[in-house]
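First comes the structure, then the notes that go with it.
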Amino acid sequence: MTTLPLNPALGDLPVYQPGRPIDEVARELGLPVGQVIKLASNENPLGPSPRALEAMGRALAQLHLYPDGSAFYLKARLAAQLGVTPEHLILGNGSNEIIEFIGHALMRPGAEVVVSQYCFAIYPIIARMMGARVVTVPSVKLGHDLPAMARAVSPATTVMFVANPNNPTGTLSSPDEVRALVASVPPHVLLVMDEAYVEFLETPLDLVGEVREGARPNLLLMRTFSKIHGLAGLRLGYGIASPSLIAVLEKVRQPFNINALVQAGALAALEDTAHVERTRANNREGLAYYERELAALGYPLVPSAANFFLVRVGNGQRVFTELQKRGIITRPMAGYQLPEYLRISVGTPAENRRCVEALREVLAKAG
Ligand SMILES: *Cc1c(COP(=O)(O)O)cnc(C)c1O
């Protein structure tokens, strides 16, 4: 134990448990790296956009220079695509960093942060790190109970987080409920709509208009390049909100948090709409395949609107371990209080077939 006078909030703060890296699992099992597949972190199985790779290659020779701290071209391109101004945008080292900006700006001892049961693990971690109190609203059928979340707001509430689609459950809230929530959150509460998986939806509810028109200074939309754009290793997320809120969040952002390779790669990825389209199609077909196959095995998956799904397998840790022995990394859910479930990300068709075959074997000897 360290005897340093630590921030008391750190005492029992858990450490986030990410999906296991391919190299680590291969090392541990003595398997060649090429035989291990990762379906654990909702990454894009088709890889990064080839255009992003090319653009980053061109940027390498300039790495002795600091990046543009304002990410001028990337923000301008994103703003044009969204129909907002660059002043409506803040960029983070992953959207995880945006959550941290929100923490610095709005969380402190005495503040309350409203989340749902089975929410993205980073929200309560950041809230507790900042000394705020986490108010967890019970979920309904693994999804968000948005009316109950609205009722959980108190005078002490400063932030509410809603991921839609949600991770780890894959559930989607109805557009009517989301609209009602956006309209009902009082001005002293920042509503963060985490849209990490919004690009996988065929007909997403468009909340950018609410921000664009300036009617909701307490609404922030969060998106990422880690999922459909296939750039999780690069680290880029962004927030869309009123310029007055963005200006506040800019105060807690480090000047060069978005490095030069990110700026070059993301700009090119935005242009590569064909890659996004291919990814969406691969996901649609992959999800349908798992739906059919797992139903046939007697383990229907939890209906998902994202690029992953939950499936109730009994002993999630056992099935995770058995799949891992077969070179397939998935995500056990005990840390999310869902020990009977496994979360599986949609892969390529070949990866999905391999995963279903392994599940058939492992679930047949179910204990
Ligand atoms: C994956 C994910 C993110 C994205 O995190 P990054 O830091 O951008 O990689 C954000 N929110 C949710 C709910 C996610 O599942």
Side-chain angles (χ1 to χ4, degrees), residues 16-21 38-45 48 52 71 74 78 89-103 113-127 129 136 139 142-144 149 159-173 178 191-201 204 207 220-240 249 253-254 257-259 261-263 265-266 269-270 279 283 302 304-310 330-331 333 335-336 338 341 343-346:
Y16 181 75
Q17 299 297 330
R20 300 196 67 195
K38 186 178 176 203
L39 302 174
S41 300
N42 311 339
E43 292 137 329
N44 185 332
L74 175 54
L78 256 183
L89 299 175
I90 186 159
L91 306 184
N93 190 266
S95 38
N96 275 294
E97 197 190 21
I98 310 262
I99 301 171
E100 200 171 329
F101 297 159
I102 294 164
V113 175
V114 174
V115 300
S116 175
Q117 187 183 15
Y118 313 131
C119 69
F120 187 45
I122 302 293
Y123 312 149
I125 288 179
I126 296 287
M129 185 169 102
T136 304
S139 81
L142 297 173
H144 289 85
M149 290 180 78
V159 184
M160 180 190 298
F161 286 103
V162 174
N164 196 44
N166 186 46
N167 175 19
T169 59
T171 50
L172 184 73
S173 298
V178 173
L191 173 61
V192 179
M193 293 298 305
D194 184 344
E195 301 186 326
Y197 302 96
V198 75
E199 297 94 343
F200 289 100
L201 301 175
L207 292 175
L220 182 135
L221 312 179
M222 221 165 52
R223 299 198 182 164
T224 180
F225 280 70
S226 297
K227 306 291 157 58
I228 205 155
H229 288 297
L231 294 172
L234 205 53
R235 311 306 298 131
L236 179 65
Y238 59 101
I240 314 165
L249 297 179
R253 183 181 70 81
Q254 293 291 311
N257 66 326
I258 307 302
N259 71 55
L261 291 185
V262 173
Q263 293 186 36
L270 278 177
T279 305
N283 192 62
V302 176
S304 170
N307 64 341
F308 60 86
F309 58 87
L310 281 183
T330 57
R331 200 70 165 267
M333 287 282 116
Y336 283 87
L338 292 165
Y341 289 80
R343 196 190 68 194
I344 300 176
S345 308
V346 174

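On a predicted model such as this, the values are computed, not experimentally measured, just so you know. Numbers here simply count residues along the sequence, with the first being 1. Counting starts at 1 for both ligands and their atoms, in listed order.
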Which of the ligand 1 atoms, numbered from 1, are nearer than 4.0 Å to a heavy atom of [X]:
{"X": "N96", "value": "5 (O), 6 (P), 7 (O)"}
{"X": "N167", "value": "13 (C), 14 (C), 15 (O)"}
{"X": "G94", "value": "6 (P), 7 (O), 8 (O)"}
{"X": "A196", "value": "2 (C), 3 (C), 10 (C), 11 (N), 12 (C), 14 (C)"}
{"X": "R235", "value": "6 (P), 7 (O), 9 (O)"}

### Message
Whether K38 and E43 form a salt bridge (side-chain N of Lys/Arg under 4.0 Å from carboxylate O of Asp/Glu) is what I want to check.
### Response
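Answer for the salt bridge query: yes.
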Closest non-hydrogen atom pair, L234 against L261: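 Result for this residue pair: CD2-O, 4.3 Å.
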Minimal heavy-atom distance between F309 and V302, with the atoms involved, is CB-O, 4.1 Å
Short version for S95: what comes under 4.0 Å of ligand 1, heavy atoms counted, is both
Which is closest to [atom] in terms of heavy atoms, [options]?
{"atom": "atom 9 (O) of ligand 1", "options": "G237, A306, S226", "answer": "S226"}
{"atom": "atom 3 (C) of ligand 1", "options": "E97, E43, K227, M222", "answer": "K227"}
{"atom": "atom 13 (C) of ligand 1", "options": "N166, N42, D194", "answer": "D194"}

Worksheet item: Under 3.5 Å, is there a donor-acceptor pair between the side chain of N166 and the main chain of T171?
Response: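 No, N166 side chain to T171 backbone: no donor-acceptor pair under 3.5 Å.
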- request: Report yes or no: does a heavy atom of Y197 sit under 4.0 Å from some atom of ligand 1?
  value: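 Flag set, Y197 near ligand 1.
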Practice prompt. Evaluate the criterion side chain to side chain donor-acceptor pair (under 3.5 Å) for residue pair R343 and N167; output intermediate values, then yes/no.
Written response: CA-CA 10 Å; R343 196 190 68 194; N167 175 19; 2.7 Å; yes
- request: Tell me yes or no: between the side chains of Y197 and N164, is some donor less than 3.5 Å from an acceptor?
  value: no
**Asked** Roughly how far, to the nearest 0.5 Å, is CG of L39 from CG of N307?
**Response**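 Interatomic distance, N307 CG to L39 CG, rounded to 0.5 Å: 10.5 Å.
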